[in-house]
*Asks:* 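Attaching a single structure in C-alpha cells format; questions to follow.
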Amino acid sequence: MKKALWYLLVGTRGGENRARIIAALDDRPRNANQLAECLDVDYNTARHHLDMLQEHDVIEFGGGEYGKLYFLTDRFERHREEFKTVLEAM
C-alpha cells in the first residue's frame with residue numbers, strides 16, 4: 001500500500017484530485033456523481049480517478065452498478081499514517 005499511495009498521489013498526474021477523493025470518502029461514502037460535484041470536476045474525470053484508486057485497493061464500492069457508493073478499504077485504513085506522510089510531501 002505504501003508504494004501504491006506514493007505512486008497514486010505523487011508519482012502520476014492527478015494525485016491532488018485522488019487525495020481530494022480520499023478525503024471526501026473519509027468524510028462519508030459517496031457515488032461518482034456526488035464526488036464529481038463535491039470536487040467540481042467532470043464526471044468522467046472522477047470515474048477515472050475512482051478506477052485508479054479501486055485498482056490499487058484504496059477504495060471499494062458497495063451496492064449495485066447504478067449509483068454505487070464508494071468506501072475506503074480496510075487495507076487503506078491500516079495504512080492511514082502513510083497517507084498522511086504522502087500528503088505532507090505533496
Side-chain angles (χ1 to χ4, degrees):
M1 178 62 70
K2 178 179 178 176
K3 289 179 185 178
L5 288 172
W6 279 99
Y7 169 74
L8 290 167
L9 303 179
V10 179
T12 59
R13 292 179 54 187
E16 183 179 327
N17 280 332
R18 287 189 277 276
R20 293 172 57 211
I21 287 172
I22 292 169
L25 293 177
D26 191 34
D27 181 43
R28 68 180 176 87
R30 301 170 198 255
N31 65 32
N33 190 52
Q34 292 168 329
L35 284 164
E37 289 179 12
C38 172
L39 302 176
D40 195 27
V41 298
D42 183 72
Y43 175 82
N44 289 330
T45 299
R47 288 286 319 150
H48 167 74
H49 293 305
L50 289 167
D51 290 343
M52 296 252 331
L53 291 168
Q54 186 176 2
E55 181 180 315
H56 289 87
D57 200 29
V58 175
I59 65 170
E60 60 190 351
F61 66 88
E65 189 63 30
Y66 178 77
K68 60 186 170 187
L69 293 177
Y70 290 89
F71 303 84
L72 298 173
T73 64
D74 291 339
R75 183 172 178 222
F76 171 82
E77 293 295 348
R78 290 191 301 272
H79 294 88
R80 182 175 289 278
E81 288 304 313
E82 186 63 32
F83 174 66
K84 292 177 184 176
T85 300
V86 174
L87 283 182
E88 291 172 6
M90 289 179 72

*Asks:* Write out all pairs satisfying salt bridge (Lys or Arg N to Asp or Glu O under 4.0 Å) with one or both partners inside residues 80-90, taking only residues at least two apart or from two chains.
*Replies:* D26-R80, E77-R80, E81-K84
*Asks:* Might you point out which heavy atoms bring L9 and M90 nearest each other, and give the distance in Å?
*Replies:* O-CE, 3.5 Å
*Asks:* Tell me whether R75 contacts the main-chain N or O of D57 through its side chain, where contact means a donor paired with an acceptor under 3.5 Å.
*Replies:* no
*Asks:* Nearest 0.5 angstrom please: K68 NZ to L50 CG, how far?
*Replies:* 9.0 Å
*Asks:* Quick check for you: to the nearest 0.5 Å, what is the distance between I22 atom CD1 and L87 atom CG?
*Replies:* 7.5 Å
*Asks:* In a table with atom names and distances, give each donor-acceptor pair under 3.5 Å that connects a side chain of residues 32-41 to protein atoms at least two apart or in another chain.
*Replies:*
unit_1, atom_1, unit_2, atom_2, d
N33, ND2, E37, OE2, 3.4
Q34, OE1, N31, N, 2.8

*Asks:* How close do F76 and L72 get, heavy atom to heavy atom, and via which atoms?
*Replies:* CE2-CD1, 3.8 Å
*Asks:* Find out whether M52 and R18 are in side-chain contact, i.e. whether some heavy atom of one side chain is under 4.5 Å from a heavy atom of the other.
*Replies:* yes
*Asks:* For Q54, look at atom CD and say whether over 12 heavy atoms of other residues, nucleotides or ligands are found less than 6.0 Å away.
*Replies:* yes
*Asks:* Exactly one of N44, T45, D51 should register a side-chain hydrogen bond (donor to acceptor under 3.5 Å, both in side chains) with R47. Which one does?
*Replies:* D51
*Asks:* Hey, what do you get for NE2 (H56) to OG1 (T73), rounding to the nearest 0.5 Å?
*Replies:* 12.5 Å
*Asks:* Measure the spacing between CD1 of I21 and CD1 of I59 and express it to the nearest 0.5 Å.
*Replies:* 7.0 Å
*Asks:* State, with a plain yes or no, whether a side-chain heavy atom of F83 is found less than 4.5 Å away from one of V58.
*Replies:* no
*Asks:* Quick check: closest heavy atoms across G62 and F71, and the distance to 0.1 Å?
*Replies:* N-CE1, 3.9 Å
